[in-house]
Protein chains: 2
Amino acid sequence: MPAPNVIPLNLTSLKAACSQCNLRELCLPYGLTEDEVAQLDNLVGARRKLKRGQHLYRAGDPFEALYAIKIGFFKTDILLEDGRDQVTGFQMAGEILGMDGIGTEVHTCNSIALEDSEICVIPFPQLEHLSREIRALQHHFHKVMSREIVRDHGVMMLLGTMRAEERLAAFLLNLSQRFTARGYSPQEFHLRMTREEIGSYLGLKLETVSRAFSRFQEEGLISVHQKHIRILDNAGLKKLLSHQPG
Amino acid sequence: MPAPNVIPLNLTSLKAACSQCNLRELCLPYGLTEDEVAQLDNLVGARRKLKRGQHLYRAGDPFEALYAIKIGFFKTDILLEDGRDQVTGFQMAGEILGMDGIGTEVHTCNSIALEDSEICVIPFPQLEHLSREIRALQHHFHKVMSREIVRDHGVMMLLGTMRAEERLAAFLLNLSQRFTARGYSPQEFHLRMTREEIGSYLGLKLETVSRAFSRFQEEGLISVHQKHIRILDNAGLKKLLSHQPG
DNA sequence: GGTGCACGTTGACCCAGATCAAACGGCCTG
DNA sequence: CAGGCCGTTTGATCTGGGTCAACGTGCACC
């Protein structure tokens, strides 16, 4: 590529502006007054674009900032020395990445864009500074972290007690619900991740994920074409979850 | 019982005093100056004693405070409507309980004492207030929450990718390391939980846990008598973890 | 507009861990 | 000190999902 990788652009357009962002209600600015959001605007650094497959950060990178997803879709994963890895989460617009790094000042997982994406950089020392000034920001940030803990407990439950089809049903319902919150259709969506990535997240092999999709389709619960999913029987999927194994 | 359950005692002895506590370096006061710890003393409410089996809080209880374990041992668990449950963690002295409740203002899991225990009540609004004043407290609290997230990722890894014996080895090494940090022997300790609770945490049935213990003993890795564990070959246990399945 | 390759599906077989069952041991209580 | 009970161990058998293998399929890139 002959051009330098920093392309001269209108800088004001690169600067994140929470006050103008349609994700305000899902993201950090939630619950802030206009005045307070303006202060957050000052804090949030440049936006950053990532191509599909690019790392936002890697395990071992020094922790400096949190990242709010403006556009796109990410996964986080952990890689053990012996080669085993596990997807620990999928993140979509309005969600915050990077909180794994606060405790050790080093990131403990990898964050990878699953489609072309755009994130807002939130330098962490400044975030702490501002949340000492703005009570609502402080409290909301604590809520975001707490919810991440609760989400993780849900995944532990899923991995520890659920059967393959229950896991996949839970996964689909969770995606559906999150897409809905972002104004997309609850019934119809496009999976950004491969069967293998779904399997890794759910503690299953890709073949098992594929078979479960086929079974759901046979049973008329969903229709699947490649990565395109349509939920035909929401209640049926939910029923799968609340049923005792056996 | 004829006596009321609030027994008149010297009130100053009931009041928590971080400044006097030998867990300072493991708990919230970590990294604070003497002055700052004194402020924390004012914030931390009464201590509370719990008998073995008693709930510290239940899923659904309104969230009001965090709890620092002064003495004792706890488990947290989640119960689904269909009766399935999962232990999400075991907590020991110096660790903080209750962070699951911040996000929704309601606790999302149960916290139960596995032995007679004593905790310090940290009213959350006051903690947020003080951490707006004391930078080090704010930052340390964020670290504590972040580490909980990272711990949960570790459990997800364990549940998603490890075989039964690897899970148990990881569990024993983790306990050993945490006991060590508290000044107890790394080789020898008493399990506060049943085989069933270990199994629930590790996504295994109690019979599988029992068999894995027996196998470890046959192989000379540990000795087990009831809940008394002695680690004989730490390196051997570690090797179990880094080996590829099959 | 082919063609290569990554991703996905499906089938056959296998095994780790679940399930079912029985017996044991330490402890608490009467 | 007997009896009962909870937690644990151990054995026998079963099975959900893993593993291995072959074959489709759609998209990206010449």
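Numbers restart at 1 for each chain; the letters A, B, ... are given by sequence-line order, proteins then strands.
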Open item on the list: Output the rounded distance in Å from CD (Glu207(B)) to C1' (dG17(C)).
Closed with: 10 Å
Open item on the list: As an exercise, state the distance from CG of Asn174(A) to CZ of Phe90(A), rounded to the nearest 0.5 Å.
Closed with: 10.5 Å
TODO: Output yes when at least one side-chain N/O atom of Arg195(B) is less than 4.0 Å from OP1 or OP2 of dG7(D), else no.
DONE: no
Open item on the list: If the threshold is 4.0 Å, N to carboxylate O, is there a salt bridge linking Arg151(B) and Glu148(B)?
Closed with: yes
TODO: Take the protein atom NZ of Lys227(B) and the nucleotide atom C1' of dG26(C), then report the distance between them rounded to whole Å.
DONE: 11 Å
TODO: Answer with base, sugar-phosphate or nothing: what part of the nucleic acid does Leu206(B) contact at a heavy-atom distance below 4.0 Å?
DONE: base
- [ ] Round to a whole Å and report the spacing from CD of Glu218(A) to C1' of dT10(C).
- [x] 11 Å
- [ ] Please report, rounded to the nearest Å, how far the C1' atom of dC27(D) is from the NE2 atom of His225(A).
- [x] 17 Å
Task: Separation of dG7(D) P from Lys205(B) NZ (nearest whole Å) - done: 16 Å
Task: Nucleotide nearest Leu204(A) (side chain, heavy atoms from C-beta), chosen from dG18(D), dG8(C), dT9(D) - done: dG18(D)
Task: Listed nucleotide nearest any side-chain atom of Thr208(B), set dG17(D), dT9(D), dG17(C) - done: dG17(C)
TODO: Could you tell me the separation between the CG atom of Leu114(A) and the P atom of dA6(C), rounded to a whole number of Å?
DONE: 18 Å
Task: Phosphate OP1/OP2 of dC6(D): any Thr194(B) side-chain N/O under 4.0 Å - done: no
Open item on the list: Taking the nucleotide of DNA chain D with the nearest heavy atom to each, does Gln226(A) or Gly203(A) sit closer to the 5' end?
Closed with: Gly203(A)
Task: Given dT10(D), dG17(D), dT9(C), the nucleotide with the shortest approach to the side chain of Ser214(B) - done: dT10(D)
Open item on the list: Can you measure Phe213(B) atom CZ to dT10(D) atom P for me and round it to whole angstrom units?
Closed with: 13 Å
Task: Rounded distance (Å) that lies between atom P of dG7(D) and atom CZ of Arg192(B) - done: 17 Å
Open item on the list: If the threshold is 4.0 Å, N to carboxylate O, is there a salt bridge linking Lys51(A) and Asp116(A)?
Closed with: yes
TODO: Verify whether the ring centers belonging to Tyr184(A) and Phe189(A) lie closer than 6.0 Å.
DONE: no
TODO: Tell whether Arg211(A) reaches the base of dT19(D) with its side chain through a donor-acceptor pair below 3.5 angstrom.
DONE: yes
Task: Side-chain ion pair, Glu118(A) and Arg48(A), N-O less than 4.0 Å - done: no
